[in-house]
Amino acid sequence: MAGRDDIVRSIEQDMTRVYDDAEGMRPIVISGLRGMGKTVLLRALYDFANQRGWVVVWAEASKDESLSKKLAQSIYVELRKLRSSEKLAGRAFEHALAVLKSFQLKIDPAGACSFGIDVSPAKGYADSGDLSLDLQDLLEALGGAAREAGTAVLICVDELQEAPIEDLRPLNMALHSIGQSFSPVPVFFVGAGLPTLPSVLADASSYAERLYRYYTLDPLSDKSSGKALVEPVAGQGMAWSPEALGLVVQEAAGYPYFIQQCGFSICEQVDGPIELTMVETLAGIELAREELSRGLYRSRWGRATAQGKEFMRAMAQDEGPSKISEIARRMGKGDPSSLSVLRDRLIKDGLIYSPERGLVAFTVPGMDGFINRCGEVD
């Protein structure tokens with residue numbers, strides 16, 4: 001969480017207002033490259049809410065599954081747990097279960113993901129067949145039960161850019177509607193995903209850019225990178241030599257996942273209180289690179305087609321974002337527009353994104369270095 005204090009504090013303040021003042025705060029979207037700490041930040045907010053007795057729902061979106069079904073399943077698991085512990089009870093809670101039953105029957109009439117809710121569906125709630133209205137009914141019923149119990153609801157969705165657009169549009173509409181209510185229910189939503197997420201949400205609903213509060217996780221500053229390395233090591237009775245610490249900070253270039261892997265690989269080589277020197281550090285950095293190459297980078301490289309790999313090899317020649325026109329030239333294509341389908345496919349697969357019109361960049365920091373080292377291997 002080093003370097004993310006301001007973002008966490010800001011979101012936690014919004015959550016506190018939802019709980020203390022019954023304010024309808026705007027939902028949150030957190031975006032960033034792979035390995036920037038989005039899921040860790042979501043988990044920190046999850047823990048913040050859980051420690052305060054909130055109803056906490058977690059889901060991870062995917063291309064091939066309905067987000068609505070995933071949310072319904074997660075809500076059911078949470079309500080069943082709370083019901084058995086008697087943390088939530090009363091008419092509003094039973095109504096929430098009945099509305100969830102109606103919602104489940106409408107989105108899954110075949111019963112493929114039956115939840116075994118031992119209540120009758122709530123007639124006239126979440127059964128219209130309009131997913132946005134039904135989802136709004138479900139969130140309002142869930143928030144109403146939480147309000148009656150003196151608590152609130154947090155909904156976290158990771159990898160939100162993967163959700164099908166037929167789920168994102170109703171989600172946008174439902175969140176917009178409950179936020180505009182005269183007496184908003186205490187429901188707080190946080191979604192996280194790749195840099196493409198804001199544009200994906202805007203494609204689903206034009207007003208999404210005004211609906212959400214957006215936060216971007218950028219690479220860490222040298223100061224925050226140093227903090228992320230120094231504090232865990234100090235907790236183990238160890239310390240860094242200035243030269244060793246400076247080298248890791250320089251090589252990591254603010255990439256949290258690589259910082260974490262370097263720290264682990266370096267500390268694994270020593271035992272007991274010691275000063276970490278250049279000897280362990282040079283070896284640990286190399287081990288960290290090998291680990292990322294075997295897992296993070298190679299898995300994404302293997303996901304691309306032969307043409308996709310050719311496209312990414314052309315990208316890897318640049319430091320930073322690449323111009324489509326230059327990629328086309330390197331690939332021997334006269335017309336850059338001929339790469340549109342291939343570019344869109346790589347974006348859809350989460351391998352690249354477009355930071356600006358006419359530019360593309362890798363979603364994983366350091367992917368260019370991996371391709372230049374190992375990209376000839378298919």
Side-chain angles (χ1 to χ4, degrees), residues 29 31-36 38 61-64 159-169 193-209 214 216-219 251 253-255 257-258 289-290 292-378:
V29 163
S31 62
L33 300 174
R34 296 283 183 199
M36 282 293 165
K38 300 182 297 296
S62 61
K63 294 178 184 178
D64 304 322
E159 301 290 352
L160 186 56
Q161 80 284 341
E162 299 285 357
I165 194 167
E166 54 267 25
D167 281 310
L168 288 177
R169 187 175 292 114
L194 291 176
T196 54
L197 179 54
S199 61
V200 168
L201 292 169
D203 287 343
S205 307
S206 60
Y207 55 81
E209 59 190 21
Y214 291 92
T216 302
L217 299 191
D218 294 316
E251 293 296 316
Y255 184 29
Y257 186 60
F258 190 57
R289 283 204 183 97
E290 291 174 4
L292 265 65
S293 292
R294 286 194 299 269
L296 184 67
Y297 296 134
R298 191 167 294 280
S299 65
R300 281 155 179 77
W301 181 248
R303 198 182 302 169
T305 63
Q307 283 187 314
K309 290 174 181 174
E310 184 183 359
F311 187 103
M312 290 194 291
R313 286 192 190 101
M315 285 178 61
Q317 297 179 40
D318 295 311
E319 291 186 9
S322 302
K323 294 181 179 179
I324 291 292
S325 57
E326 187 63 19
I327 294 172
R329 185 190 66 78
R330 292 169 184 165
M331 294 178 65
K333 307 290 185 181
D335 182 6
S337 64
S338 64
L339 295 175
S340 296
V341 173
L342 182 56
R343 166 191 170 275
D344 291 347
R345 181 64 192 177
L346 290 169
I347 290 175
K348 187 176 181 181
D349 287 342
L351 299 172
I352 67 172
Y353 73 105
S354 178
E356 295 179 31
R357 184 176 179 84
L359 297 177
V360 289
F362 292 108
T363 58
V364 181
M367 188 71 183
D368 53 346
F370 166 78
I371 292 172
N372 289 327
R373 293 191 304 273
C374 313
E376 295 303 318
V377 180
D378 289 334

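All figures in this text were calculated on a predicted structure; none of them were measured in a lab.
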Considering non-hydrogen atoms only, spot the tightest contact between [X] and [Y] and give its length.
X	Y	answer
Pro355	Ala361	CD-N, 4.0 Å
Ala253	Pro219	O-CB, 4.0 Å
Ser340	Ser337	OG-O, 2.9 Å
Tyr255	Gly35	CE1-O, 3.5 Å
Leu201	Tyr214	CD1-OH, 4.3 Å
Leu346	Ala304	CD2-CB, 4.4 Å

Check ring-ring contact (aromatic ring centres under 6.0 Å, His included) between Tyr353 and all other residues, then give those that pass, not counting sequence neighbours.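 In terms of ring-ring contact (aromatic ring centres under 6.0 Å, His included), with neighbours along the sequence ignored, Tyr353 is linked to no residue.
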
Rounded distance [0.5 Å steps], [atom1] in [X] versus [atom2] in [Y]:
X	Y	atom1	atom2	value
Ser322	Met312	OG	CE	12.0 Å
Glu162	Asp167	CD	CG	13.0 Å
Trp301	Ser293	CH2	OG	12.5 Å
Arg298	Cys374	CZ	SG	5.5 Å
Thr196	Lys348	OG1	NZ	12.5 Å
Ile347	Ile352	CD1	CD1	5.0 Å

Using a strict cut-off of less than 4.0 Å between a Lys/Arg side-chain nitrogen and an Asp/Glu carboxylate oxygen, indicate whether Arg345 and Asp349 qualify as a salt bridge.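 Yes.
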
Does a salt bridge link Glu310 with Arg313, judged by any charged N lying under 4.0 Å from a carboxylate O?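 Salt bridge between Glu310 and Arg313, a charged N being under 4.0 Å from a carboxylate O: no.
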
Say whether, by atom type as modelled, one donor and one acceptor occur between the side chain of [X] and the main chain of [Y] under 3.5 angstrom.
X	Y	answer
Lys38	Leu217	no
Lys323	Ala328	no
Ser31	Leu194	no
Ser299	Leu296	yes

Non-neighbouring partners of Glu159 that pass salt bridge (charged side-chain N to carboxylate O under 4.0 Å, His left out), sequence neighbours left out: Arg34

Apply side-chain contact (heavy atoms from CB on, under 4.5 Å) to residues Met36 and Tyr257 and explain how you reach the verdict. CA-CA 7 Å; Met36 282 293 165; Tyr257 186 60; over 6 Å; no

With the side chain counted from C-beta on, respond yes when Phe258 and Arg289 share a heavy-atom pair under 4.5 Å apart, and no when they do not. yes

With distance as the sole criterion, is a donor-acceptor pair present between the side chains of Asp64 and Ser62 under 3.5 Å? no

How far apart are the C-alpha atoms of Asp368 and Asp318, what are their side-chain angles, what is the distance that settles it, and do they pass the side-chain contact (heavy atoms from CB on, under 4.5 Å) test? CA-CA 8 Å; Asp368 53 346; Asp318 295 311; over 6 Å; no

Is atom NZ of Lys63 surrounded by more than 12 heavy atoms (other residues, nucleotides or ligands) closer than 6.0 Å?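 Enclosed.
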
Greater than 12 external heavy atoms within 6.0 Å of Gln317's CD: yes

Evaluate the side-chain contact (heavy atoms from CB on, under 4.5 Å) criterion for residues Leu351 and Met315: first the C-alpha distance (whole Å), next the side-chain angles of each, then the deciding distance (0.1 Å), finally the verdict. CA-CA 12 Å; Leu351 299 172; Met315 285 178 61; over 6 Å; no

Run the side-chain contact (heavy atoms from CB on, under 4.5 Å) check on Phe311 and Thr305 step by step: do they pass? CA-CA 10 Å; Phe311 187 103; Thr305 63; over 6 Å; no

